[in-house]
Number of protein chains: 2
Amino acid sequence: MKRNTWQREAVRGALDGNDGFVSAQGLHSALHAAGSPIGLATVYRALADLAVTGEADSLQSPEGESLYRACSTDEHHHHLICRNCGLTVEIEADAVETWAKDVAAQNGFTGAAHVVDVFGLCAECTAKFAASA
Amino acid sequence: MKRNTWQREAVRGALDGNDGFVSAQGLHSALHAAGSPIGLATVYRALADLAVTGEADSLQSPEGESLYRACSTDEHHHHLICRNCGLTVEIEADAVETWAKDVAAQNGFTGAAHVVDVFGLCAECTAKFAASA
DNA sequence: ATGGTTTTGACAATCATTATCAACAGGGCT
DNA sequence: AGCCCTGTTGATAATGATTGTCAAAACCAT
């Protein structure tokens, strides 16, 4: 049976209150900073659960950390992520969906899953960099 | 200055002789098994170098390991990877390239880089699974 | 062969993540 | 309400990949 604990709520809430992706470690620190005595292992477990139930989305940063984000929809979608400030835009990619499926099929692959994420500099950060350069 | 050492050649050779992606750890084990006394740190360094010079391609497995592969071309391309046997097919994806660029531009992002890889079961493994199911 | 510099490699350090396991708490049941 | 069973927690240890360290060895031009 699945029980309702304040810890799980805390993690869910922390995710909701965040615009971009957060690492498990970061989320734990944030919760601690906010005074919550939640344990690190619990944060990992809660995040894994949320990811499984589809309430959260997970991806890997180029540095190898696992990042999580509250998902507004439970549909399949991808992300456009600012590599500087972490701003995230959800993007739809029907074209890519079908492309991935086609390519897989053409090569005899089944059960195709794909990793499609775009990293870049958002407008704001681009301006910031241009100014400082 | 860049020096030519047998260790670097060994890593390059081991990569060339491999069809799919290999982890740094795996490559090191393989070299050791083949009798090479090469050090683990050296393998990591060599792989990083090859990745930078474009002679090798790197991506992250869903488990978070860094995987490397000798690249037949120095052009930008993506991969279709069997999640069971590691078979890798290089795929071209002009459509995706432009899509990624467009999406980024539409949202004011610059310097867009993208991670596009497709994981699935190759025909062989699909058959194997079907038989055992 | 020599010298200056890069590279190597054994090992320690780091970092994220997972496992352990005893103490604890949720919630259905009486 | 009180109890008990079972899922959950959390401090800490364990794991596993990767990176840093630094003296010794190798490379290459001279």
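Just so it is clear: chains get the letters A, B, ... in the order the sequence lines come, proteins before strands, and each one is counted from 1. Values reported hereafter were calculated over all heavy atoms of this structure, with side chains retained and with hydrogens, waters and symmetry mates removed.
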Between protein and nucleic acid, restricted to nucleotides 24-27 of chain C and to nitrogen or oxygen atoms under 3.5 Å apart, what atom pairs and distances do you find?
unit_1: C/dG26; atom_1: N2; unit_2: A/Arg3; atom_2: NH2; d: 3.1

Listed by chain and number, what are the ring pair (Phe, Tyr, Trp, His ring centres under 6.0 Å) partners of A/His78, not counting sequence neighbours? A/His76, A/His114

Can you check the B/Phe21 CZ to D/dA17 P distance for me, whole Å? 18 Å

Quantify the bending of the helix from C/dA1-D/dT30 to C/dT30-D/dA1 as the angle between its end axes, each fitted on five pairs, to 10°. 30°

CG (A/Leu47) and CZ (A/Arg12) are apart, to the nearest 0.5 Å, by 11.5 Å

Assign B/Ser66 to base, sugar-phosphate, or nothing according to its heavy-atom contacts below 4.0 angstrom with the strands shown. sugar-phosphate

Touch class at under 4.0 angstrom, heavy-atom based, for A/Arg8 against every strand present: sugar-phosphate

Give me the atom names and distance for the closest heavy-atom approach of A/Leu31 to A/Ala14. CD2-CB, 4.0 Å

Can you list, pair by pair, the side-chain donor-acceptor contacts under 3.5 Å of residues 99-112 of chain B, counting residues two or more places apart and other chains?
unit_1: B/Asn107; atom_1: ND2; unit_2: B/Val103; atom_2: O; d: 2.8
unit_1: B/Thr110; atom_1: OG1; unit_2: A/Thr126; atom_2: OG1; d: 2.7

Can you list the steps and then say if A/Val22 with A/Arg69 is a side-chain contact (heavy atoms from CB on, under 4.5 Å)? CA-CA 6 Å; A/Val22 218; A/Arg69 178 167 197 262; over 6 Å; no

Closest heavy-atom contact between B/Ala46 and B/Val11? CB-CG2, 3.7 Å

Please find the pair of heavy atoms, one from B/Ser23 and one from B/Gly26, that lie closest to each other, and give the distance. OG-N, 2.9 Å

Nearest of C/dT20, D/dT21, C/dT17 to any side-chain atom of A/Arg45? C/dT20

I need the CG-P distance between A/Leu50 and D/dT8, as an integer number of Å. 13 Å

Where do B/Ala24 and B/Val43 come nearest, in terms of heavy atoms and distance? O-CG1, 3.8 Å

Using a cut-off of strictly less than 4.0 Å between a heavy atom of the residue and any atom of DNA chain C, enumerate the qualifying residues of residues 26-42 of chain A by number. A/Leu40, A/Ala41

Answer yes or no: does a side-chain N or O of B/Tyr44 lie under 4.0 Å from OP1 or OP2 of D/dT19? no

Heavy-atom side-chain contact between A/Trp6 and A/Ser36 under 4.5 Å: yes

Remaining members of the apolar cluster that contains A/Leu40, side-chain heavy atoms under 4.5 Å: A/Tyr44

Rounded off to whole Å, could you give me the CG-to-P distance for the B/Leu47 and D/dT19 pair? 10 Å

List the atom of B/Ile38, the atom of B/His32, and the distance in Å for their closest heavy-atom pair. O-NE2, 3.1 Å

Expressed in angstrom and rounded to an integer, what is the separation of A/Gln25 atom CD from D/dG10 atom P? 16 Å

